[in-house]
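Beneath this line is the structure, given in structure tokens, with notes to follow.
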Amino acid sequence: MILQEDIEKMTVTEEIRALKKEKNAVILAHYYVEPGVQQIADYVGDSYYLSKAAAETGAQTIVFCGVSFMGESAKALSPDKTVLMPDKAADCPMAHMADEETIRRVREEYEDVAVVCYINSTAELKRLSDVCVTSANAVKIVKALPNRNIFFIPDRNLAHFIAEQAPEKHFIYNEGYCPTHERMQAEEIRKAKGEHPDAQVLAHPECAKAILELADYVGSTSGIIQYATESAGKEFIICTEEGVAYELKQKNPDKVFYFTDTLPVCPDMKLVTLEKVLHVLKTGENEVHMEADAAEETRRPLERMLELAR
Ligand code: 13P
Ligand code: SF4
């Protein structure tokens, strides 16, 4: 039990740490949330890493510092746990950019089709899908599927990137996209390359094709961090959300990272603050609820992903 007189002397961070212990809670944070939140998290990573952490943690409460599809996935994977979202309004716009009607139509049209759902999607879309993927495991999973036809939802850019790596598959595309990654322009990368000729371009596959064509490496946020860390290069132009700069600099204090002039900032990820983390830990507000049947159906494509990615 934390005493009132002790609380009065504590900083927000200290209070979060004390409450985390008292409530047997863990904090999961995506690389795109603000550095202060990444610092107090028990697990920081990309969507794939965080989904594994949510499935495996022994803690009773998960505070998910990310957007709503991440909290929903955590709840589906660990239905007996309490999943709290620091800000319920933090929602990925791309997660909604596919629809049931189109999925049904594609299933009718193609006999041998797998509906492959990027984890950045609503629980409703996941339930209509055969398997989930993240940007870290998508190529491996699509290649492992027995089906020749792949209807990839919602992200068209990631779909085109995987299709290039898996030419044996026939892709059906959906018109979803990430507004944060699509805001970057190829012209900005050319300008940055002109200014920093020794810098390598590292891009997330949610970027448009014109940017991926200029990249030396394409991968998930963890992939980008790993590539920069292991590379002998000293300068990098980073084409993904600017929150990764914190981990990039932590791991590589002697290297330089440039971003595009139109700084890629995901407004939803930035809704998560330390004060809101503290608030939900104190009050239990913003809990993710999911009916048992819905959780089971949402878990099915997520568990298939974890199985196939192993
Ligand atoms: P990853 O975490 O798979 O790199 O995806 C980035 C993203 O957009 C998360 O919202
Ligand atoms: Fe969604 Fe893009 Fe934000 Fe990721 S960066 S949560 S894909 S809007």
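In each ligand, atom 1 is the first atom listed, and ligand 1 is the first ligand listed.
Atom 5 (O) of ligand 1 has as its closest protein heavy atom His204 NE2, 3.3 Å. Of the protein's non-hydrogen atoms, Ser135 OG, 2.6 Å is the one closest to atom 3 (O) of ligand 1. Of all protein heavy atoms, the one closest to atom 1 (Fe) of ligand 2 is Cys92 SG, 2.3 Å.
For ligand 2, the atoms lying closer than 4.0 Å to a non-hydrogen atom of Pro93 are 8 (S). Each of the following atoms of ligand 1 lies closer than 4.0 Å to a heavy atom of Ser47: 1 (P), 2 (O), 3 (O), 5 (O), 9 (C). Numbered from 1 in the order shown, with element, the atoms of ligand 1 that lie under 4.0 Å from a heavy atom of Tyr118 read 5 (O). Listed by number with element, the atoms of ligand 2 under 4.0 Å from a non-hydrogen atom of Cys266 are 3 (Fe), 5 (S), 6 (S), 8 (S). Near Glu206, the atoms of ligand 1 lying under 4.0 angstrom from a non-hydrogen atom of the residue are 5 (O), 6 (C), 7 (C), 8 (O). Less than 4.0 angstrom separates some heavy atom of Thr221 from each of these atoms of ligand 1: 1 (P), 2 (O), 4 (O). Near Asn120, meaning under 4.0 Å from any of its heavy atoms, are these atoms of ligand 2: 4 (Fe), 7 (S). Ligand 1 places these atoms under 4.0 Å from at least one heavy atom of Met269: 10 (O).
Taking any N or O of Ser222, backbone or side chain, none lies under 3.5 Å from an N or O belonging to ligand 1. Backbone and side-chain nitrogen or oxygen atoms of Ser220 are examined, and none is located within less than 3.5 angstrom of a nitrogen or oxygen of ligand 1.
Using a 4.0 Å cut-off between charged nitrogen and carboxylate oxygen, Arg300 and Glu297 count as a salt-bridge pair. Under the 4.0 Å criterion applied to side-chain N and carboxylate O atoms, Glu307 and Arg304 are not assigned as salt-bridge partners. Salt-bridge check for Glu242 with Lys270: passed, with a basic side-chain N closer than 4.0 Å to an acidic carboxylate O.
Using a 30° and 60° split on the angle between ring planes, Tyr110 and His170 fall in the tilted class, from 30° to 60°. Ring geometry for Tyr32 against His30 counts as perpendicular: the plane angle is over 60°, on a 0 to 90° scale with 30° as the lower cut. By the 30° and 60° cut-offs, the orientation of the rings of Phe236 relative to Phe257 is parallel.
When distances to atom 2 (Fe) of ligand 2 are checked against a cut-off of 2.8 Å, Cys178 contributes an N, O or S atom below that limit.
With contacts defined as side-chain heavy-atom distances shorter than 4.5 Å, the pair Gln200/Tyr227 qualifies. Side-chain contact between Val63 and Met85 is absent, with no heavy-atom pair separated by less than 4.5 Å. Taking the side chain as every heavy atom from C-beta outward, Ile238 and Tyr258 never approach each other to under 4.5 Å. In this structure the side chain of Phe152 reaches within 4.5 angstrom of the side chain of Val133, judged on heavy atoms.
Contact annotation for Tyr49 and ligand 1: no heavy atom of the residue comes within less than 4.0 Å of the ligand. Of the heavy atoms in Glu206, only side-chain atoms (C-beta onward) come closer than 4.0 Å to ligand 2. Contact annotation for Asn120 and ligand 1: only side-chain heavy atoms (C-beta onward) come within less than 4.0 Å of the ligand. Only the side chain of Tyr32 comes within 4.0 Å of ligand 1, counting heavy atoms alone; its backbone N, CA, C and O stay farther away.
Every heavy atom of Met94 sits 4.0 Å or more from the atoms of ligand 1. Residue contacts with ligand 1 include His30, since one or more of its heavy atoms lies under 4.0 Å from the ligand. In this structure, Met94 is part of the shell of residues with a heavy atom less than 4.0 angstrom from ligand 2.
We find the CG-NZ distance between Leu308 and Lys143 to be 14.0 Å, quoted to the nearest 0.5 Å.
At least one donor-acceptor pair under 3.5 Å links the side chain of Glu14 to the backbone N or O of Thr11.
Under 3.5 Å, the side chains of Glu34 and Tyr246 contain no donor-acceptor pair of N or O atoms.
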